[in-house]
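Heads up, the thing below is written out as structure tokens.
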Amino acid sequence: MPIITTSADFVAWFRSVAPYINAFRGKTFVIAFGGEVVADGKFVELTHDFNLLAALGIRLVLVHGARPQIEQHLARNNLGDTYHQGVRMTDADSMQCVKEAVGRVRVEIEALLSMGLANSPMANADIRVAGGNFITAQPIGIINGVDLMHTGSVRKVDIAALNDRMEFGEVVLLSPLGYSPTGEVFNVTLEDIATATAIALDADKLVFLMDTDGVQDKKGKLLKELTIAGAQAVLSGKRKLPDDVSLYLPCAIRACEAGVARTHLISRHTDGAVLQELFSDEGIGTMVVESTLNTLRAATIEDVGGILHLLRPLEAEGILVRRNRELLEREIARFVVLEHDHRIVGCAALYPFPDEAAAELACLAVDAQCRDRGYGQVILDHMTGLAKTQGLKKLFVLTTRTALWFIERGFSEADVSALPSQKKSLYNWQRKSKVFVRKI
Ligand code: ARG
């Protein structure tokens, strides 16, 4: 995340956020969080962030849970928690507790969403919260001979009603309850409500706030992006996953398969996690998407602007030789671009010299904001493959400043005389680039 110390940093940061502001306006996000967020007193900060999202014209559906509050209520009434295969069994007495607990949490959330203190992020906020009988539920029924009674699952989401509310600029707050046509109330999990609602609304995003930072790999490293297949692999692995991951990752897959473009799993403990995830390129948690956001492809004439944008800072620093637009347009067929989320974040060009069975790798550049993500390596590997398919045996680069990067990847320094003759004659003696070569 950028550190803002000067006004120039601030301006640069604000501008970097602009594409997201534009992209998110009018989009529908479903954001789900457990009752723990309210119980821990963390909801105030979260309210500020929801307020900001609403102010930016995002259509918001918030889904709250109430598990700790329900458990407290049950304990107070000497009613134990009865789980059957991980699902709570809700009898008539427990249902009373559920209603009371959910009602209380809801009131607390509505109160916080109503704040409008001057000198706080909520000044002039004026959020209108909508609630109602939007969710129709059905009983889960009998599992292995155990009747789960008032525990239900979502049967239908009243999307017309939800859309109406959001059309009026209201923020919808859904509680973990559903109603039946016979007038019954069912206890439904927040993840079921959130996922079913996101799917029914064809939402652009589904966000779960959870206990961990997202989904981690075996070594505890955060997995920033997971495809459906990747997420399935995590779930089918042998290791024991944190409870929240086991609960929410299947929902992310379900949503993604049903067309919700992105599901984000982020920490509820990090202040501003929602903002960091949504308004930065890298995010802060795990994002589940249908297929990866990175694509490496041959450049087209439409990419010239994006490539220039990428090369200019490196040219200004003297790392790359300056190329004008005309030259780039003429040579665009030699370029590949790496896109992340439809934005060009890397490029390189390959100039073959078939007589010498060699190729020059030129213009390898990665956006400064995307350093340390391994993109340079991805491009290098791709270009190596490309040169190989053309029957070439050697790859060389000319560089003044990035020698080490190439040495670490198996290149070794060579004399200018080792260059293909055509290239040798164009060698710029003033620039004094070093030549590095690698067999491929
Ligand atoms: N801010 C972007 C979005 O909201 C990208 C987030 C990327 N997050 C991640 N965990 N990889 O869509």
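Just so you know, ligand 1 is whichever comes first in the structure, and atom 1 is the first atom listed for that ligand.
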- Item | Pairwise side-chain hydrogen bond (donor to acceptor under 3.5 Å, both in side chains) hits with a residue in residues 58-70, at least two apart |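 For residues 58-70, and leaving out neighbouring residues, the side-chain hydrogen bond (donor to acceptor under 3.5 Å, both in side chains) pairs sorted by first residue read T28-R59, R59-N163, R59-E167, H64-S175.
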Applied to residues 392-408, the side-chain hydrogen bond (donor to acceptor under 3.5 Å, both in side chains) test, sequence neighbours excluded, yields T399-T402
- Does a donor on one side chain and an acceptor on the other come within less than 3.5 Å for E302 and T300?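 Note: E302 and T300 side chains meet the donor-acceptor criterion.
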Aromatic ring centroids of F406 and F411 under 6.0 Å? yes
Check residues 36-49 and write down every donor-acceptor pair under 3.5 Å in which the side-chain atom is one partner and the other belongs to a residue at least two apart or another chain.
{"unit_1": "D40", "atom_1": "OD2", "unit_2": "R268", "atom_2": "NH1", "d": "2.8"}
{"unit_1": "T47", "atom_1": "OG1", "unit_2": "F43", "atom_2": "O", "d": "2.5"}
{"unit_1": "T47", "atom_1": "OG1", "unit_2": "V44", "atom_2": "O", "d": "3.3"}

Could you please spell out the steps behind the salt bridge (Lys or Arg N to Asp or Glu O under 4.0 Å) verdict for E108 and R104? CA-CA 6 Å; E108 276 174 45; R104 267 176 189 238; 6.0 Å; no
Contact residues of ligand 1 with a heavy-atom cut-off of under 4.0 Å?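 Contacts of ligand 1 under 4.0 Å: Y20, F24, K205, K224, R262, H264, E277, L278, S280, D281, E282, G283, G285, T286, M287.
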